[in-house]
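Data block below; observations after.
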Amino acid sequence: MKNKYQRLSKNEKMECRNMYYATLKGKEMRLRLIRLNITGTLGLLIAIYMIVNGNYTKEIQWYDYCIAISLFLASFTFLIGAYIIRGKVLNQFAIKIPRFRNK
């Protein structure tokens, strides 16, 4: 039962996702995951811009690299974390729903 959501077919995954996002808890979780994805994407874009712009103008220092790399890693962690959290929550929901329990 650990990977119930991952073993569902594509249509069943979509149905499970829609059922979860229809609940009050699912709506709140969806907003939080969207916020995490936006934060991660903007952080990645800013980090890439810092490195490219600094190399283009030749005014980048070692601490600028440190800031850009740490921002890049934090943003990447946000994106991966949102993906992992979504999988865990949907898996727990799929285990609790009787419709998906016997599949």
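In what follows, residues are counted from 1 in the order of the sequence shown.
- In this structure, CG on L42 lies 11.5 Å from CZ on F78, to the nearest 0.5 angstrom.
- Side-chain polar atoms of R17 and Y5 form a donor-acceptor pair below 3.5 angstrom.
- In the hydrophobic cluster analysis, where Ile, Leu, Val, Met, Phe, Trp and Tyr join through side-chain heavy atoms closer than 4.5 angstrom, I84 is grouped together with F76.
- I46 CD1 to I67 CD1: the interatomic distance, rounded to the nearest 0.5 Å, is 12.5 Å.
- Side-chain atoms of T41 do not come within 3.5 Å of backbone N or O of I38 as any donor-acceptor pair.
- Listed here is the closest heavy atom pair of C16 and L90: SG-O, 4.1 Å.
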Checklist entry - Going through the distances and angles, do F72 and M50 end up as a side-chain contact (heavy atoms from CB on, under 4.5 Å)? => result CA-CA 10 Å; F72 185 85; M50 286 174 63; over 6 Å; no
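- Of all the heavy atoms in Y21 and K27, the pair that sits closest is O-CG, 3.3 Å.
- Hydrophobic clustering (ILVMFWY, side-chain heavy atoms < 4.5 Å, transitive): V89 and I97 are in one cluster.
- Shown here for T77 and L73, the closest heavy-atom pair between the two residues is OG1-O, 2.7 Å.
- Environment of OH in Y20: crowded, with over 12 heavy atoms of neighbouring residues, nucleotides or ligands closer than 6.0 Å.
- Nearest heavy-atom pair across K4 and A94 is CG-CB, 4.1 Å.
- When every heavy atom of G43 is checked against every heavy atom of S75, the shortest pair comes out as CA-OG, 3.1 Å.
- Distance check, rounded to the nearest 0.5 Å: NZ of K25 to CZ of F93 gives 10.0 Å.
- The backbone N or O of Q61 lies less than 3.5 Å from a partner atom in the side chain of D64, making a donor-acceptor pair.
- In this structure, N3 CG and I95 CD1 are separated by 8.5 Å, a value rounded to the nearest 0.5 Å.
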Checklist entry - Run the side-chain contact (heavy atoms from CB on, under 4.5 Å) check on T23 and M29 step by step: do they pass? => result CA-CA 10 Å; T23 65; M29 180 61 71; over 6 Å; no
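- With rounding to the nearest 0.5 Å, the separation of CG in L36 from CG in L79 is 8.5 Å.
- The two atoms that bring K13 and L8 nearest to each other are CE-O, 3.5 Å, heavy atoms only.
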Item to check | Stepwise side-chain contact (heavy atoms from CB on, under 4.5 Å) test for N37 and R86 | outcome: CA-CA 11 Å; N37 284 332; R86 180 181 295 119; 3.4 Å; yes
